[in-house]
Amino acid sequence: MTTTQLPTHGGAGIRIADDLRTAILDGQYAPGARIRQEHLADRYGASRLPVREALRMLEGEGLVRLVANTGAWVTHLSLADCEEMYQIRERIEPLLLRYNVPLLSAAQIDHLDALATQMERGDDVEHFLALDREFHLGSYEAATTTLLTNTVHQLWNRTQHYRRAFMQVFRPSDRSVHHEHHLLVAALRRRDVDEAERILAAHIRRTRFELSRHPEIFAD
């Protein structure tokens, strides 16, 4: 392999990984679904090398499980797995928010407020999930961290399917979800770090409790 080929393969692998990640998060692949390398190679007009690179990237993010000499599957979580991830989120996301509260601009907080209002007015699950993701991850984008932001993003990605399945049961019209979003925005406007942390931790905890009441979401 020449040195001029490396960026080509690497760039193709990144593009395939980005597209496949989006497809998994959008629910085009269910947990446990097999991902066939030959299908990906045909779809992207690529060789197996960048496809394997893409799958290794997603394995590193916890979205894909690779089995040597067998294939690749979308990662499936058990209820216990998801419970553990939410317990972690409940502790580290308030810390990440703490880093961000003093740094968020007034315009960023206004945007979060607008997102909270949009979520309250809609009842489409996919639209809610997109806005909810933008709302929470947007509240973490002001601070620069070494590990914490990437860890939070990976936990969000790994639990995305189960949030979707849960919202199809729970529905985005639940008033308590929207109330918590508005309370969080109000705390951010006051730059009340302790209150923002408390609201966010309770918000994540409530979802964890509700998920535990629906074990059918985690059935194979």
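All heavy atoms count here, side chains included; hydrogens, waters and symmetry mates do not.
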Partner residues of Thr145 under the side chain to side chain donor-acceptor pair (under 3.5 Å) criterion, sequence neighbours left out: Thr149
N/O donor-acceptor pairs under 3.5 Å from side chains in residues 65-73, not counting sequence neighbours:
from	atom 1	to	atom 2	distance (Å)
Thr70	OG1	Ala68	O	3.2

Electrostatic pair Asp18-Arg15, nearest N-O below 4.0 angstrom: no
Inter-residue atom distance Leu188.CG - Gln108.CD, 0.5 Å rounding: 10.5 Å
Glu120 side chain to His181 side chain, donor-acceptor N/O pair below 3.5 angstrom: no
Any pair counted as salt bridge (Lys or Arg N to Asp or Glu O under 4.0 Å), so long as it reaches residues 88-107, sequence neighbours left out: Arg89-Glu93, Glu90-Arg205, Glu90-Arg208, Arg98-Asp194, Arg98-Glu197
Sidechain-backbone polar pair: Asp192 side chain, Ala187 backbone, donor-acceptor under 3.5 Å: no
Distance in Å, Leu104 CG paired with Glu141 CD, rounded so as to fall on 0.5 Å steps: 7.5 Å
Pair Asp81, His76: side-chain N/O donor-acceptor within cut-off below 3.5 Å: no
Arg36 side chain reached by Arg34 side chain, heavy atoms, under 4.5 Å: yes
Donor-acceptor side-chain pairing of Arg121 and Gln118 below 3.5 angstrom: no
Parallel, tilted or perpendicular: rings of His178 and Phe128 (30°, 60°): perpendicular
Partners meeting salt bridge (Lys or Arg N to Asp or Glu O under 4.0 Å) with Glu210 (sequence neighbours left out): Arg213
same_hphob_cluster(Leu63, Met57) at 4.5 Å side-chain heavy-atom cutoff: no
His203 and Leu183, any side-chain heavy atoms less than 4.5 Å apart: no
Path from Val177 to Leu211 over hydrophobic side-chain contacts below 4.5 Å: yes
Heavy-atom side-chain contact between Pro31 and Phe218 under 4.5 Å: no
Reported CE-to-SG distance for the pair Met85 and Cys82, which is rounded to 0.5 angstrom: 7.0 Å
Side-chain ion pair, Glu59 and Arg56, N-O less than 4.0 Å: no
Sequence neighbours excluded - ring pair (Phe, Tyr, Trp, His ring centres under 6.0 Å) pairs with any residue from residues 77-111: none
Which atom of Val101 lies closest to which atom of Ala196, heavy atoms considered: CG2-CB, 4.3 Å
Residues Arg158, Glu61: salt bridge by 4.0 Å N-O rule: no
Atom CD of Gln87 with >12 non-hydrogen neighbours under 6.0 angstrom: yes
Contacts of His161 that satisfy ring pair (Phe, Tyr, Trp, His ring centres under 6.0 Å) - sequence neighbours left out: none
Interatomic spacing from OG1 in Thr159 to CD in Glu84 - rounded to 0.5 Å: 12.5 Å
Asn100 side chain to Leu96 backbone, donor-acceptor under 3.5 Å: yes
Charged N-O contact under 4.0 Å between Asp26 and Arg21: no
Tyr29 OH to Ile24 CD1 distance, which is reported to the nearest 0.5 Å: 7.5 Å
